[in-house]
Amino acid sequence: MSPCSVSVAVPDRVVPNTELCESMEMRTTPEWIAEKTGIMERRYVADDQDITGLATEAAERAVAAAGMEPHEVDVLVVGSSSPDWVMPSLGVIIADSLGITTPRIIDITQHACASAVYSMYTASLLLQEDGLETALVVCAECISRNTHPLDRTTRIFFGDAAGATVLRKTPPEEAPAPGGGAAAPPPVGLLGYDLGNSYSHAVEMASPSKLCHERAVYGEEVHSRYLQMDGRAVWQEATTQIPKSIHQALEASRVDVHDVGGFAVHQANARMVEHIARSIGVDPERMPVTADTLGNTGAASPLTSLWRLARDGRVGGGDVLVVSAIGAGFLWGSLCFRLADDIRV
C-alpha cells in the first residue's frame with residue numbers, strides 16, 4: 001500500500017495571534033505565542049460552516065487528484081475527534097455526498113491527533129482482502145469549537161482543517177533472480193510500522209453522555225465540556241514517544257533514518273516539530289512545518305505535512321516516507337512507506 005494522492009481543505013477565516021489575544025482578554029501577547037509555539041495564525045470554520053463540509057471537500061480533491069471516480073473507492077476510513085455528529089457516521093455522510101458505494105466504511109473517533117496514523121494503518125489491513133485496490137483516508141477536526149475562548153493552554157494551539165489521501169495496493173515483493181542475476185528492485189508500499197499507547201488524562205474532553213449524566217445526578221457538570229490539556233505532560237510524552245516510534249518503525253523496515261526522503265509528523269506546534277527533527281538528527285527541510293500557519297489541526301495535521309512534502313516535490317516515487325503522530329490518551333504510531341509513485345496534489 002502506498003499513498004498516491006493527498007489533499008488539504010482549510011477554512012477561509014484566518015485567525016492571527018493578534019486577534020486571538022484581543023478576543024481572549026488574557027495576559028498573553030502575540031509575540032509570546034509566536035516565541036513559545038512558533039504558531040503565527042490558524043484557521044477557524046465560519047459560523048455557517050461545519051467540519052463535514054470541509055472533510056467532504058478534502059475527500060473529493062484527493063479522489064480527483066488520484067485520477068479516480070468515487071465509486072472506485074474500495075475502503076473509506078475517516079478519523080475525527082470533533083465530528084458534527086456522534087451519529088450518523090461522518091464516513092457514511094461523506095460517502096453519500098460523493099457517491100462512494102463501498103460498504104467498507106470505518107470511523108476512528110477517539111485517537112485524536114494520532115488518527116491519521118491509525119486510519120492509514122487500518123486501511124492497509126483492509127486492503128489485504130483480495131479484489132480491493134484503493135482506500136480513501138479522510139482526517140478532519142473542528143477544534144475551535146471545542147476549546148474555551150479564554151483558555152490559553154488550549155486556545156492558542158488549535159485550528160480547523162481537513163486532509164485526505166488515497167492509498168493504492170502495491171504489488172508483492174519480488175524475489176531476487178536465480179543464478180546471481182539482477183537484484184530485485186526494493187520493495188514498495190508499507191515497509192514497517194510502530195504503534196504504542198500509555199493511559200493518561202493529560203488531554204481529555206468529556207462526552208455529551210458523561211455531561212448529561214453529571215447534570216442528572218449532581219445537578220451540574222463536574223467536568224468541563226471543553227478540551228482540557230496539560231501542556232508540559234504533552235510535550236514530554238510527544239518529544240519522547242515520537243522519536244522513539246520513528247526509530248522503531250525504521251528498524252522494522254530496515255531503513256536508516258538518513259535514507260528517508262520526508263517525514264510527515266504531527267503538528268502539535270512548530271517548536272515541537274523542530275525539536276523532533278533535531279532529536280532524530282535530520283534536516284528540518286525533510287520534516288516540514290505547517291503548524292506555523294495552521295496551528296494544531298489534530299487528526300488532519302500529519303496529512304497537512306504530507307501535502308506540503310508532495311506539493312513541494314520533496315518526496316516522489318521510490319523515496320521513503322515516514323508518517324508519525326501522537327494523540328490524547330496517549331496513542332502514538334509511525335508508518336514507513338517506500339512510495340510506488342509520486343504523490344499527486
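This is a predicted model, so every value here is computed, not measured. Counting begins at 1 with the first residue of the sequence.
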Spell out, yes or no, whether Val265 and Val255 are grouped together once hydrophobic residues are joined by side-chain heavy atoms under 4.5 Å, including indirect joins.
-> yes
Thr122 versus Tyr118, closest heavy-atom pair with distance | OG1-O, 2.7 Å
Working to the nearest 0.5 Å, report the span between NZ of Lys169 and OG of Ser2.
-> 14.0 Å
Hey, is the main chain of Gly298 close enough, under 3.5 Å, to the side chain of Ser301 for a donor-acceptor pair?
-> yes
Is the shortest heavy-atom distance from the side chain of Val257 to the side chain of Val322 under 4.5 Å?
-> no
Donor-acceptor under 3.5 Å (Arg104 side chain, Leu127 main chain) | no
Is it true that atom CZ of Arg311 has more than 12 heavy atoms of other residues, nucleotides or ligands lying nearer than 6.0 Å?
-> yes
Walk me through it: do Ser305 and Arg308 pass the test side-chain contact (heavy atoms from CB on, under 4.5 Å)?
-> CA-CA 5 Å; Ser305 184; Arg308 181 69 58 80; 5.5 Å; no
Spacing of CG belonging to Leu20 relative to OG1 belonging to Thr28, to within rounding of 0.5 Å = 8.5 Å
With hydrophobic residues grouped by side-chain heavy-atom distances under 4.5 Å, do Ile343 and Leu335 end up in a single group?
-> yes
Do the side chain of Thr37 and the main chain of Ile39 share a donor and acceptor less than 3.5 angstrom apart?
-> yes
Is a side-chain N or O of Arg338 found less than 3.5 angstrom from the main chain of Leu191, in a donor-acceptor match?
-> no
Is it the case that more than 12 heavy atoms not belonging to Glu41 sit under 6.0 Å from its CD atom?
-> yes
For Pro284 and Ala277 the tightest heavy-atom approach is CA-CB, 4.4 Å
If two hydrophobic side chains count as joined below 4.5 Å and joins carry through other members, does Ile51 share a cluster with Ile105?
-> no
Hey, could you give me the CD/CZ distance between Glu220 and Arg215, rounded to the nearest 0.5 Å?
-> 11.0 Å
Could you pull out the closest heavy-atom pair between Gly91 and Asp107, with the gap in Å?
-> N-OD2, 3.0 Å
What are the two closest heavy atoms between Ser115 and Ala299, and how far apart are they?
-> CB-CB, 3.5 Å
Say you draw a straight line from NE2 of His275 to CE of Met287; how long is it, rounded to the nearest 0.5 Å?
-> 11.0 Å
Beyond-backbone contact of Thr239 with Ser279, side-chain heavy atoms, under 4.5 angstrom = no
Plane angle bin for Tyr218 and His213 - parallel if under 30°, tilted between 30 and 60°, otherwise perpendicular = perpendicular
Under a 4.5 Å cut-off applied to non-hydrogen side-chain atoms, are Gln267 and Thr304 in contact?
-> yes
CA sep, side-chain torsions, deciding dist, call: Cys4, Asp341, side-chain contact (heavy atoms from CB on, under 4.5 Å) = CA-CA 7 Å; Cys4 67; Asp341 297 294; 6.0 Å; no
Just by modelled atom types, is the Ile156 backbone N or O under 3.5 Å from a matching donor or acceptor in the Arg42 side chain?
-> yes
For the side chain of Arg13 and the backbone of Tyr44, is there at least one donor-acceptor N/O pair under 3.5 Å apart?
-> no
Which atom pair, heavy atoms only, marks the closest approach of Leu98 to Ala59?
-> CD1-CB, 3.7 Å
Would you say the side-chain atoms of Asp342 pair up with the backbone N or O of Gly317, donor to acceptor, closer than 3.5 Å?
-> yes
Kindly check if the number of other-residue, nucleotide or ligand heavy atoms within 6.0 Å of CG (Asp256) is above 12?
-> yes
Considering non-hydrogen atoms only, spot the tightest contact between Val45 and Asp160 and give its length.
-> N-OD2, 2.9 Å
Do other residues, nucleotides or ligands put more than 12 heavy atoms under 6.0 Å from the CD atom of Glu133?
-> yes
What's the verdict on side-chain contact (heavy atoms from CB on, under 4.5 Å) for Val14 and Glu19, showing C-alpha distance, side-chain angles and the deciding distance?
-> CA-CA 9 Å; Val14 178; Glu19 178 183 335; over 6 Å; no
Does a side-chain heavy-atom distance below 4.5 Å link Phe263 with Ile276?
-> no
Answer whether the closest heavy-atom distance between the side chains of Leu90 and Thr109 falls below 4.5 Å.
-> no
Check the surroundings of atom CG in Asp283: do more than 12 heavy atoms from other residues, nucleotides or ligands lie under 6.0 Å from it?
-> yes
Do Cys113 and Asn296 come close enough that some side-chain heavy atom pair is under 4.5 Å?
-> yes
Heavy atoms of other groups near Trp85 CH2, more than 12 under 6.0 Å | no
Can you pull the side-chain hydrogen bond (donor to acceptor under 3.5 Å, both in side chains) pairs that have at least one residue in residues 62-84, sequence neighbours excluded?
-> Thr52-Asp84, Ser82-Glu141
So, the side chain of Arg286 versus the backbone of Val260: is there a donor-acceptor pair under 3.5 Å, distance only?
-> yes
Between the side chain of Arg155 and the main-chain N/O of Ser144, is any donor-acceptor distance below 3.5 Å?
-> yes
Just wondering, do His266 and Trp332 contact through their side chains at under 4.5 Å, heavy atoms?
-> no
Side chain to side chain donor-acceptor pair (under 3.5 Å) filter on Glu129, not counting sequence neighbours, yields none
Would you check if Ser224 and His148 make a side-chain contact, meaning some heavy-atom pair closer than 4.5 Å?
-> no
Mind checking whether Val315 and Trp307 sit in one hydrophobic cluster, side chains of I, L, V, M, F, W, Y counted as touching below 4.5 Å?
-> yes
NZ/NE/NH1/NH2 to OD/OE distance under 4.0 Å, Glu204 and Lys210 = no
Determine whether the side chains of Asp194 and Ser245 contain a donor N or O and an acceptor N or O closer than 3.5 Å.
-> yes
Hey, could you give me the CG/OG1 distance between Asp230 and Thr154, rounded to the nearest 0.5 Å?
-> 12.5 Å
Test side-chain contact (heavy atoms from CB on, under 4.5 Å) on Val117 and Leu195 and set out the steps.
-> CA-CA 9 Å; Val117 168; Leu195 302 174; 4.2 Å; yes
Look at the aromatic rings of Tyr121 and Tyr193 and report parallel, tilted or perpendicular, splitting at 30° and 60°.
-> tilted
Return yes if some donor-acceptor pair links the side-chain N/O of Asp96 with the main-chain N/O of Ile93 below 3.5 Å, else return no.
-> no
